[in-house]
Amino acid sequence: MENNMKDIVNLCQNRWFVYAGSEIYGWLANTWDYGPYGSQLKENIRNLWLKEFVQKRTDMVTLDAGILMNPQVWVASGHVGGFSDPLIDDKNTGERFRADKLLEDLIDSSDDAGEYLKEKYGVNSLIPEAWELAKQTEVMRGEQVKNPETGKPGDWTDAKKFNLMFQTSQWVTADSSSVIYMRPETAQGIFVNFANIARTSRKKIPFGVAQVGKAFRNEITPGNFIFRTREFEQMEIEYFCEPGTDMEIHKTWKNDCMKFLTQTLSISEDNLKLRDHDDDELSHYSNATTDIEFRFPFGWGELWGIASRTDFDLKAHMAQSKEDLSYFDPVNNKKYVPYVIEPSVGLTRLFLATICNAYTVEEVRTYLKLDPKIAPVKVWVLPIVKKLWEEAKKVYAQLSEDFVCEYDEVGSVGKRYARMDEIGTPFCVVIDSDNYDAGNITVRHRDSMEQEIVPIEQLNSYLTGKLK
Ligand code: GAP
């Protein structure tokens with residue numbers, strides 16, 4: 001697949017999807033702000049996720065927990081002790097990298113690189129993240145791995161663990177403060193509220209809790225535009241179930257997540273694949289994890305992690321807080337600590353995937369073939385000539401009752417079509433006097449570029465049908 005990432009980033013920046021953060025101050029590297037169309041697209045994706053996974057189900061509720069939490073939460077969850085990536089510096093330049101990522105690139109650099117490394121260094125997996133730090137250092141030096149920025153072999157320090165949590169401090173008294181953390185995942189807000197939700201929601205296991213919100217990680221190598229950032233949004237579900245039912249429910253969630261991507265968001269199946277984690281790759285809390293990977297222009301990358309988290313988190317919080325988080329199951333008359341299945345997707349990463357999936361280059365135009373349901377603007381209203389602005393504004397008023405619309409009278413009709421195509425607007429309505437006087441309007445379709453005459457009074461219901 002061609003790496004057209006640069007063109008996609010340009011389109012996002014020029015067409016009001018994403019701006020460089022704090023741009024007038026020369027940017028704060030790897031921070032991004034979501035512009036008028038970007039924030040709308042993000043909201044549409046979030047709303048569809050909520051609709052599919054909460055509104056349409058009887059076994060789901062939502063939560064909006066705080067970003068700042070008692071630091072004990074992160075001790076119990078293992079983040080204070082273990083949420084780290086292997087950091088390595090090139091002494092020649094002072095640049096920092098993730099050792100495991102550089103080693104992954106080395107393994108991918110040729111068909112036999114993996115076997116060669118296994119034999120020479122005695123590593124028994126091709127997942128460098130699972131290797132001891134000393135082994136990562138040995139291979140980095142032994143293979144004279146290149147610094148990707150300079151293209152020359154680096155003078156590598158020892159690989160060491162770097163904790164990814166963002167620290168801040170909270171003033172306790174006038175002259176003392178205590179360290180607190182910006183949450184690195186939204187999940188823990190759900191675990192610490194499990195007993196509250198079980199008690200007040202009247203849901204019986206199995207049930208799930210969905211949450212959308214910001215998460216922060218001090219990533220060593222953020223990049224690839226909004227793929228990996230230090231501030232991002234997650235959409236997470238913790239689905240609580242009886243121990244022993246976890247594997248079956250894990251399977252169901254994999255299917256449901258794939259269905260959401262392919263059917264609700266219309267992401268092409270060719271751009272998606274499921275990848276099961278090997279045993280030595282599994283997180284400390286997981287007995288099975290599957291990633292849905294997306295074919296980004298720069299290569300396959302994790303989009304959605306579906307982890308079976310056992311009872312690790314609830315038990316860890318029980319031990320740390322001394323509170324009882326077990327559940328009495330009235331159906332089986334049993335008390336147990338529930339197991340958890342966790343489908344977790346980055347909203348901002350999914351945003352990027354939908355744009356990459358929709359980016360379409362044809363001979364005469366480049367456009368975003370977004371599913372109409374997520375398109376930031378549904379209808380673009382344009383008078384064929386400026387003097388029809390009054391009629392066009394009436395049509396705009398009628399349509400904006402039901403849809404996000406845009407009014408545009410500037411430039412030739414062709415240029416206006418090109419603008420709306422690039423933003424992914426599925427429909428354009430054109431006002432010309434002959435049709436308007438006869439009570440009709442022309443609807444132009446983004447994908448086929450075909451035009452259709454529709455009675456003005458039926459326009460809203462006609463478009464509602466098309467947007468379903
Ligand atoms: N609660 C589990 C959890 O946080 P994760 O695999 O670390 O698991 C889940 O993250 C999802 O969050 C990823 O699949 C990805 O979509 C998104 N994500 C993680 N780190 C990210 C980052 N630095 N920037 C953007 N999205 C990120």
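Ligands are counted one by one from 1 in listed order, and the atoms in each one are counted from 1 as well. Just so you know, these numbers come straight off a predicted model, no measurement behind them.
Remark: ligand 1 and G346 share an N or O pair separated by less than 3.5 Å (distance only, no angle test). Looking at ligand 1, you won't find any N or O of R228 less than 3.5 Å from one of its N or O atoms. Taking only nitrogen or oxygen atoms, main chain and side chain alike, E185 reaches within less than 3.5 Å of ligand 1.
Taking a cut-off of under 4.0 Å to the non-hydrogen atoms of E342, the atoms of ligand 1 that pass are 1 (N), 2 (C).
From the protein, the heavy atom lying nearest to atom 7 (O) of ligand 1 is R217 NH1, 2.7 Å. Ranking the protein heavy atoms by distance from atom 25 (C) of ligand 1 puts F227 O, 3.1 Å first. Shortest contact from atom 10 (O) of ligand 1 to any protein heavy atom: Q234 NE2, 3.4 Å. Given atom 9 (C) of ligand 1, the protein heavy atom at minimum distance is S344 OG, 3.0 Å. Of all protein heavy atoms, the one closest to atom 26 (N) of ligand 1 is F232 CD1, 3.5 Å. For atom 14 (O) of ligand 1, the closest heavy atom belonging to the protein is E302 OE2, 2.6 Å. At the shortest separation from atom 24 (N) of ligand 1 among protein heavy atoms lies T229 N, 3.1 Å.
Between the OG1 atom of T229 and the CZ atom of F216 there is a distance of 10.0 Å, given to the nearest 0.5 Å. The OG1 atom of T262 sits 10.5 Å away from the CG atom of N357 when rounded to the nearest 0.5 Å.
Side chains of K118 and N124 form no contact here, defined as non-hydrogen atoms less than 4.5 Å apart. Using a 4.5 Å heavy-atom threshold, the side chains of Y367 and I423 count as separate. Side-chain contact between E422 and L11: present, with at least one pair of heavy atoms (C-beta onward) separated by less than 4.5 Å.
When heavy-atom distances to ligand 1 are checked against a 4.0 Å cut-off, R309 comes that close only through its side chain, counted from C-beta outward.
Nearest to atom 3 (C) of ligand 1 by heavy atom, out of E236, E219, E233, M235, is E236. Nearest-residue assignment for atom 16 (O) of ligand 1 (options T289, L303, T221; heavy-atom criterion): L303.
Using cut-offs of 30° and 60° on the angle between ring planes, the pair F17 and F351 is perpendicular.
When the shell of 6.0 Å around NZ of K254 is examined, it contains more than 12 heavy atoms from other residues, nucleotides or ligands.
The ring pair (Phe, Tyr, Trp, His ring centres under 6.0 Å) test with F227 is passed by exactly one of W300, F296, F232: F296.
A salt bridge links E233 with K42: the distance from a Lys NZ or Arg NE/NH1/NH2 to an Asp or Glu carboxylate oxygen falls below 4.0 Å.
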